[in-house]
Protein chains: 2
Amino acid sequence: MKSKKSETTQMCAVDYAFKRIGGKYKGMILWYLHSKTVLRYGELSRTVPNITTKMLTQTLRELEEDQLINRKMFHEVPPKVEYSLSEKGRELIPFIEYLHNWGKKQLEIELLKNKS
Amino acid sequence: MKSKKSETTQMCAVDYAFKRIGGKYKGMILWYLHSKTVLRYGELSRTVPNITTKMLTQTLRELEEDQLINRKMFHEVPPKVEYSLSEKGRELIPFIEYLHNWGKKQLEIELLKNKS
DNA sequence: CGGAATCCCAGAAGATACTG
DNA sequence: CAGTATCTTCTGGGATTCCG
């Protein structure tokens, strides 16, 4: 049983965690899923700025593999797929929320500086 | 006054924050600086697994630009440079700690699964 | 000791077109 | 609507060598 996760390098917990939520869109998607509870594919694609379908699909698949989100298909016409946070994914929210607030604060500080 | 930070895309706080602490080594370096308080260049290079001098220098420079760490040079022979967390950088510790604990927990869970 | 300077590449991300 | 499939581009990071 080979695992894509374990490499020869000793495993550092911070490193491990960053690999789950790193990349260009993972944090944002988790954040949006948290604030909206449930989102369809199309909604996500409109919500995440400039994301392509390829990256959206790929990112969602990775989050699903890591069991941070749930994917629920409705076999209808037209098709419908809903994404939501899993329990495990929800555990990350406090930290993303913290990060969000920190980022907001820094953005405001920079804004003030640029005005002067 | 051009800024490397602002692009045409609307600024999202989560995205902003991830850009400060994303990348392969930033989280780990902040984490190590927190647990050891102060570290020299050579110590960091030995502590962070497999990091090259190029990446170490580059990462430290970026963290310094964003004012998350302090760089203190001693003009001696041989030269000596110490790195430590800044106030702003220290604000990030609670959440990196959270992330660290989460990662540790997940690693343990995965370990158990692989044994079965 | 604490870097800087090059060269190079894998893998991340973008563009575009097509489909059940 | 919710994706696939390709192709291309870009850039974060690696390897190596040299410097004050």
Test log, rule side chain to side chain contact (heavy atoms under 4.5 Å, CB included), inputs B:Phe95 and A:Ile96: CA-CA 8 Å; B:Phe95 98 80; A:Ile96 297 191; over 6 Å; no
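Remark: side-chain polar atoms of B:Glu110 are not paired, donor with acceptor, to backbone N or O of B:Leu107 under 3.5 angstrom. The backbone N or O of A:Thr59 lies less than 3.5 Å from no partner atom in the side chain of A:Glu62, so there is not a single donor-acceptor pair. Judged by distance alone, with hydrogens and angles left aside, the side-chain atoms of B:Thr57 form a donor-acceptor pair with the main-chain N or O of B:Thr53 at under 3.5 Å. No side-chain donor-acceptor contact under 3.5 Å links A:Thr37 to the backbone of A:Leu33.
Here the C1' atom of nucleotide C:dG3 and the CD atom of B:Glu43 are 16 Å apart, to the nearest Å.
OP1 or OP2 of C:dG2 has at least one side-chain nitrogen or oxygen of B:Arg40 nearer than 4.0 Å.
For the pair B:Arg20 and B:Tyr16, the cation-pi criterion (under 6.0 Å, within 45° of the ring axis) is fulfilled.
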Reading 5' to 3' through nucleotides 4-20 of chain C, protein heavy-atom contacts under 4.0 Å coded B for base, S for sugar-phosphate only, - for none: B-B------BBB----B
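Under a cut-off of 6.0 angstrom, the local environment of NZ in B:Lys80 is crowded, with over 12 non-hydrogen atoms contributed by other residues, nucleotides or ligands.
Using a 4.0 Å heavy-atom cutoff across all strands shown, B:Phe74 reaches no nucleic acid atom at all.
The side chain to side chain donor-acceptor pair (under 3.5 Å) test applied to B:Tyr83 returns B:Arg71, not counting sequence neighbours. Applying the side chain to side chain contact (heavy atoms under 4.5 Å, CB included) criterion to A:Lys36, with sequence neighbours excluded, gives A:Leu39.
Each end of the helix from C:dC1-D:dG20 to C:dG20-D:dC1 gets its own axis from five base pairs, and the two axes differ in direction by 60°, given to 10 degrees.
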Could you pull out all donor-acceptor pairs under 3.5 Å where a side-chain atom in residues 85-92 of chain B meets a protein atom, sequence neighbours excluded?
residue	atom	partner	partner atom	Å
B:Ser86	OG	B:Gln67	O	2.7
B:Ser86	OG	B:Leu68	O	3.0
B:Ser86	OG	B:Lys88	N	3.3
B:Ser86	OG	B:Gly89	N	3.0
B:Glu87	OE2	B:Arg90	NH1	2.7
B:Lys88	NZ	A:Gln106	OE1	3.4
B:Lys88	NZ	B:Asp66	O	3.2
B:Arg90	NH2	B:Leu85	O	3.2
B:Glu91	OE1	A:Trp102	NE1	3.3
B:Glu91	OE1	A:Lys105	NZ	3.0
B:Glu91	OE2	A:Lys105	NZ	3.1

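First and last contacts of DNA chain D with chain A, using any nucleotide atom under 4.0 Å from a protein heavy atom and ordered 5' to 3', fall at D:dC1 to D:dT6.
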